[in-house]
Amino acid sequence: MVKLGKIRINNMSFHTYNGVFAEEKKLGQKLQLDAELSYPIEQLVQHDDLKETVSYADVYQTIEDFVLSNNYNLIESVANHLLQKLLATYPTIEAITLRVRKYSVPIAGIFDNVEIEVSGAQKHDD
C-alpha cells in the first residue's frame, strides 16, 4: 500500500456572493476554505524538486479563481463543484477533502459559522 502524505492549505478567505437570499447575492459575505490534498509525498518527492510535488501556490490560485468567479445558492454546491474542478485539474492528487465555512448565515442563534465538508478521490481504471 502506498503511503499518502497530506498537503493542507488552511483558512483561505474570500469575499463571495453565494447564498439563497437577495441580500447575500448583493452584499456578499466571507467564505473560508480549507483544502487537504492527499498525495504520495513519501514516494514521489525524492530530489527536492517542485516537479515532483503538487504546487500549493497553483492549487491556491485554482481555488481563488473558482471561488471568485462562480456564485451558487448553496455552499454545498461551491464545495462539490470545486472538488470536481480540483480533481480534474490535478490528477496526481489521490484524494481531496474540502471544508467550506460561511459566517454570515441568516439563522437566529449564536454560533461561529456553518461548515460543509466534502471528500473525493481520483477514479483509477484498475
Side-chain angles (χ1 to χ4, degrees):
M1 179 175 186
V2 175
K3 289 184 179 182
L4 293 178
K6 307 281 187 191
I7 297 172
R8 292 185 182 96
I9 308 171
N10 297 316
N11 298 320
M12 294 173 276
S13 293
F14 306 101
H15 187 82
T16 71
Y17 297 89
N18 296 285
V20 173
F21 299 106
E23 297 81 23
E24 294 176 297
K25 293 180 184 303
K26 181 180 176 186
L27 301 174
Q29 74 264 281
K30 175 175 83 168
L31 284 188
Q32 198 169 62
L33 288 88
D34 300 333
E36 180 179 282
L37 317 171
S38 297
Y39 178 75
I41 296 167
E42 300 87 346
Q43 177 185 356
L44 297 179
V45 180
Q46 300 296 317
H47 302 99
D48 196 31
D49 188 341
L50 182 59
K51 293 179 202 142
E52 295 178 340
T53 191
V54 176
S55 168
Y56 42 86
D58 291 347
V59 173
Y60 177 89
Q61 190 63 57
T62 301
I63 292 170
E64 179 181 50
D65 292 346
F66 182 89
V67 170
L68 296 180
S69 63
N70 292 279
N71 297 319
Y72 297 95
N73 288 330
L74 306 174
I75 60 172
E76 292 87 339
S77 295
V78 173
N80 281 333
H81 288 95
L82 177 56
L83 177 65
Q84 295 311 312
K85 169 76 173 173
L86 291 170
L87 287 168
T89 303
Y90 302 96
T92 56
I93 296 173
E94 291 289 324
I96 298 172
T97 297
L98 293 175
R99 285 174 292 283
V100 180
R101 288 179 293 286
K102 184 175 180 179
Y103 289 83
S104 299
V105 181
I107 298 174
I110 299 170
F111 56 94
D112 290 336
N113 59 64
V114 172
E115 181 177 87
I116 303 300
E117 181 175 309
V118 296
S119 296
Q122 295 293 349
K123 293 180 173 71
H124 295 288
D125 298 327
D126 294 329

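Count residues from 1 along the sequence.
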Checklist entry - About how many Å separate CG of Leu86 and CD of Gln84, when rounded to the nearest 0.5 Å? => result 9.5 Å
Next on the checklist: Does atom OH (Tyr103) have a neighbourhood of more than 12 heavy atoms from anything else shown, all under 6.0 Å?
Outcome noted: yes
Item to check | Residue pair Tyr39 / Thr53: nearest heavy atoms and the distance that separates them | outcome: OH-CA, 3.6 Å
Checklist entry - With a 4.5 Å limit on heavy-atom distance, are the side chains of Leu33 and Leu82 in contact? => result yes
Checklist entry - Is the cationic atom of Lys85 (NZ for Lys, CZ for Arg) positioned less than 6.0 Å from the six-membered ring centroid of Phe66 and within 45 degrees of its normal? => result no
Next on the checklist: For Asp112, I'd like to know if atom CG has over 12 heavy atoms of other residues, nucleotides or ligands within 6.0 Å.
Outcome noted: no
Item to check | Euclidean distance, Asn11 CG relative to Arg99 CZ, rounded to 0.5 Å | outcome: 9.5 Å
Checklist entry - What distance do Lys102 atom NZ and Leu74 atom CG have between them, rounded to the nearest 0.5 Å? => result 8.0 Å
Next on the checklist: Assess whether a salt bridge exists between Asp34 and Arg101, defined as any Lys/Arg side-chain N lying under 4.0 Å from an Asp/Glu carboxylate O.
Outcome noted: yes
Checklist entry - Are more than 12 heavy atoms from other residues, nucleotides or ligands located less than 6.0 Å from atom CG of Asp48? => result no
Checklist entry - So which heavy atom on Ile63 is nearest to which on Ala35, and how close? => result CD1-CB, 4.0 Å
Checklist outcome for this item: In terms of heavy-atom contacts, Ala79 and Val100 come closest through CB-CG2, 3.9 Å
Next on the checklist: Between Gln32 and Ser13, is the side-chain hydrogen bond (donor to acceptor under 3.5 Å, both in side chains) condition met? List the steps.
Outcome noted: CA-CA 4 Å; Gln32 198 169 62; Ser13 293; 3.2 Å; yes
Checklist entry - Under 3.5 Å, is there a donor-acceptor pair between the Gln61 and Asp65 side chains? => result yes
Checklist entry - Considering residues at least two apart in sequence or located in another chain, which fulfil the salt bridge (Lys or Arg N to Asp or Glu O under 4.0 Å) criterion with Lys6? => result Glu36
Next on the checklist: Is there a side-chain contact between Tyr90 and Asp58 in this structure, where contact means two heavy atoms from C-beta onward sitting under 4.5 Å apart?
Outcome noted: yes
Next on the checklist: Checking Glu52 against His47: is there a side-chain donor and acceptor pair closer than 3.5 Å?
Outcome noted: yes
Checklist entry - Under 3.5 Å, is there a donor-acceptor pair between the side chain of Glu117 and the main chain of Leu98? => result no
Checklist outcome for this item: Rounded to the nearest 0.5 angstrom, the CD1-CG distance for Ile93 and Leu4 is 11.5 Å
Next on the checklist: Show the nearest heavy-atom pair for residues Leu68 and His15, with the distance to one decimal.
Outcome noted: CD2-O, 3.6 Å
Item to check | Minimum-distance pair of heavy atoms, taken over all atoms of Tyr72 and Val78 | outcome: CD1-CG2, 3.6 Å
Next on the checklist: Is there a side-chain contact between Lys3 and Pro40 in this structure, where contact means two heavy atoms from C-beta onward sitting under 4.5 Å apart?
Outcome noted: no
Checklist outcome for this item: Between Val114 and Ile75, the two heavy atoms sitting closest are O-CD1, 4.1 Å
Checklist outcome for this item: In this structure, CG of Leu87 is separated from CG of Leu37 (nearest 0.5 Å) by 9.5 Å
Checklist outcome for this item: Rounded to the nearest 0.5 Å, the CG atom of Asn71 sits from the OG atom of Ser77 at a distance of 11.5 Å
Checklist entry - Which word best sums up how the rings of Phe14 and Tyr60 line up, parallel for under 30°, tilted for 30 to 60°, or perpendicular for over 60°? => result tilted
Item to check | Hydrophobic cluster identity match, Ile116 and Ile9, side-chain contacts under 4.5 Å | outcome: yes
